[in-house]
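One structure is given here, and the rest of the page talks about it.
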Amino acid sequence: MEGLRVVREGRYLDGTFGRGGHARGVLEQLGPGGRLLLMDKDPEAIAVAESNFGADARVSIRRGSFADLGTWDLAREGLDGILLDLGMSSPQLDVAERGFSFAKDGPLDMRMDPDSGESAAQWLARADEREIADVLFTYGEERQSRRIARTIVARRATQPLERTAQLADLIASVMPRGDSKIHPATRSFQAIRIFINRELADLEAGLDAAHACLKPGGRLAVISFHSLEDRIVKQYIARHAKAPPTNRRMPVVPDFIPTLLAIGDATKADAAELAANPRARSAVLRVAEKLAVPT
């Protein structure tokens, strides 16, 4: 809330409604003339938004990815703040039927929008060994990616992988846990989820759309939960806030005009928040402000 710097009559967009914690915080600070636009591609999240906030005249709700926020006329009118809370919501993780967690057996789905694209089970049934290995390594930084992919392809020849427990047990059989507190399937599940939901591509598109829709002085607040996301956000802000390094051997480039200002450093949860919400342990918040471009 401090990063967004909510003004009473401002216009804000929560691109990842989840179950409405951030939306409720913004609405508490908005006056009667303020507006809050809510987006989520999960139909269950949209149902909660409609139930909890649909009667509020200040609120507009749209189902869809924040990557497409620039196609919403209400957003294109200009925004004073945009919030993106990346990754899974707690309800998605806690409901076994969504297939995100290896801690609870359920269908191997992992789609944030269950009405779009193919499930994790469908992808694992058709992808070749190299593609699976590349996804595990690129999006999960899993060093045993080739070994896991080879085992997945061998197993599916005799038994389709349709449950989260099946996949988690298979990965654990290839990578015994040893002394690690982290489940052997953690990085692989993260990688498959990111790939299935096009999370990094959506983030890049969403940052561009947010940048375009923010008014001068508007704030962008992004919460990331792993290094791949945070790197994209950090580099995006830096690219629009700082002049690129020069090289005297290269032709003269036009003067750099910054369009974003980084607000403070990356912020992480403190000890009190971690005690109340252990899932915040990997969260990183970055905030940037849109600058007016000289005419």
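Any value given below was found using the heavy atoms of this structure, including those in side chains, with hydrogens, waters and symmetry copies removed.
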Item to complete: Mind running side chain to side chain contact (heavy atoms under 4.5 Å, CB included) on Glu142 and Met175 for me, showing each step along the way?
Response: CA-CA 11 Å; Glu142 175 52 74; Met175 298 174 53; 3.6 Å; yes

Using modelled atom types only, decide if a donor and an acceptor are shared between the side chain of [X] and the backbone of [Y] within a distance under 3.5 Å.
X: Asp105; Y: Ala165; value: yes
X: Arg155; Y: Ile152; value: no
X: Ser119; Y: Gln122; value: yes
X: Ser188; Y: Ala185; value: no
X: Thr151; Y: Arg147; value: yes

Let me confirm one number: the [atom1]-[atom2] distance from [X] to [Y], rounded to the nearest 0.5 Å.
X: Gln166; Y: Ile171; atom1: CD; atom2: CD1; value: 12.0 Å
X: Arg156; Y: Glu162; atom1: CZ; atom2: CD; value: 13.0 Å
X: Arg111; Y: Ser116; atom1: CZ; atom2: OG; value: 8.0 Å
X: Glu50; Y: Leu38; atom1: CD; atom2: CG; value: 9.0 Å
X: Asp85; Y: Phe17; atom1: CG; atom2: CZ; value: 12.0 Å
X: Arg58; Y: Leu27; atom1: CZ; atom2: CG; value: 5.0 Å

4.5 Å side-chain heavy-atom contact, [X] and [Y]:
X: Glu199; Y: Met112; answer: yes
X: Leu136; Y: Ile192; answer: yes
X: Glu131; Y: Asp134; answer: no
X: Lys268; Y: Val284; answer: yes
X: Tyr139; Y: Arg193; answer: no
X: Pro258; Y: His240; answer: no
X: Arg63; Y: Asp40; answer: no
X: Leu4; Y: Gln29; answer: no

[X], [atom1]: over 12 other non-hydrogen atoms inside 6.0 angstrom:
X: Asp265; atom1: CG; result: no
X: Arg146; atom1: CZ; result: no
X: Glu2; atom1: CD; result: no
X: Arg76; atom1: CZ; result: yes
X: Phe225; atom1: CZ; result: yes

I need the minimum non-hydrogen distance between [X] and [Y], along with the two atoms involved.
X: Ala241; Y: Ala262; result: CB-N, 4.5 Å
X: Pro114; Y: Pro43; result: CD-CD, 3.5 Å
X: Ala191; Y: Val135; result: CB-O, 3.5 Å
X: Arg219; Y: Leu214; result: O-CD2, 3.6 Å
X: Pro32; Y: Arg8; result: CD-NH2, 3.6 Å
X: Ile237; Y: Arg286; result: CD1-CB, 4.1 Å

Item to complete: May I have the step-by-step check of side-chain hydrogen bond (donor to acceptor under 3.5 Å, both in side chains) for Arg35 and Ser60, ending in yes or no?
Response: CA-CA 8 Å; Arg35 291 295 299 274; Ser60 297; 2.5 Å; yes

Membership question, hydrophobic clusters at under 4.5 Å side-chain separation (ILVMFWY): are [Y] and [X] in the same one?
X: Leu37; Y: Leu84; value: yes
X: Tyr12; Y: Leu86; value: no
X: Leu83; Y: Leu207; value: no
X: Val48; Y: Met39; value: no
X: Leu69; Y: Ile46; value: no

Worksheet entry | Single hit among Arg11, Arg5, Lys215 for salt bridge (charged side-chain N to carboxylate O under 4.0 Å, His left out) with Asp80 |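 So, applying the salt bridge (charged side-chain N to carboxylate O under 4.0 Å, His left out) to Asp80 and each of Arg11, Arg5, Lys215, only Lys215 qualifies.
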
Worksheet entry | Verdict with reasoning, Phe195 to Met110, per side chain to side chain contact (heavy atoms under 4.5 Å, CB included) | CA-CA 10 Å; Phe195 173 78; Met110 297 196 190; over 6 Å; no

Discussion item. Can you tell whether the side chains of Asp128 and Arg130 come within less than 4.0 Å, N to carboxylate O?
Written reply: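 No salt bridge links Asp128 with Arg130.
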
Worksheet entry | Note: Asp202-Arg198 ion pair, threshold 4.0 Å (strictly below) |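 Salt bridge present between Asp202 and Arg198.
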
Worksheet item: So His211 and Tyr236, would you call those rings parallel, tilted or perpendicular, with 30° and 60° as cut-offs?
Response: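 Correct class here is perpendicular.
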
Practice prompt. Run the numbers on Glu118 and Arg126 for side chain to side chain contact (heavy atoms under 4.5 Å, CB included), then give the verdict.
Written response: CA-CA 11 Å; Glu118 62 182 349; Arg126 68 157 184 83; 2.7 Å; yes

Worksheet item: Does the pair Arg150 and Val174 meet the rule for a side chain to side chain contact (heavy atoms under 4.5 Å, CB included), with working shown?
Response: CA-CA 10 Å; Arg150 188 162 54 247; Val174 175; over 6 Å; no

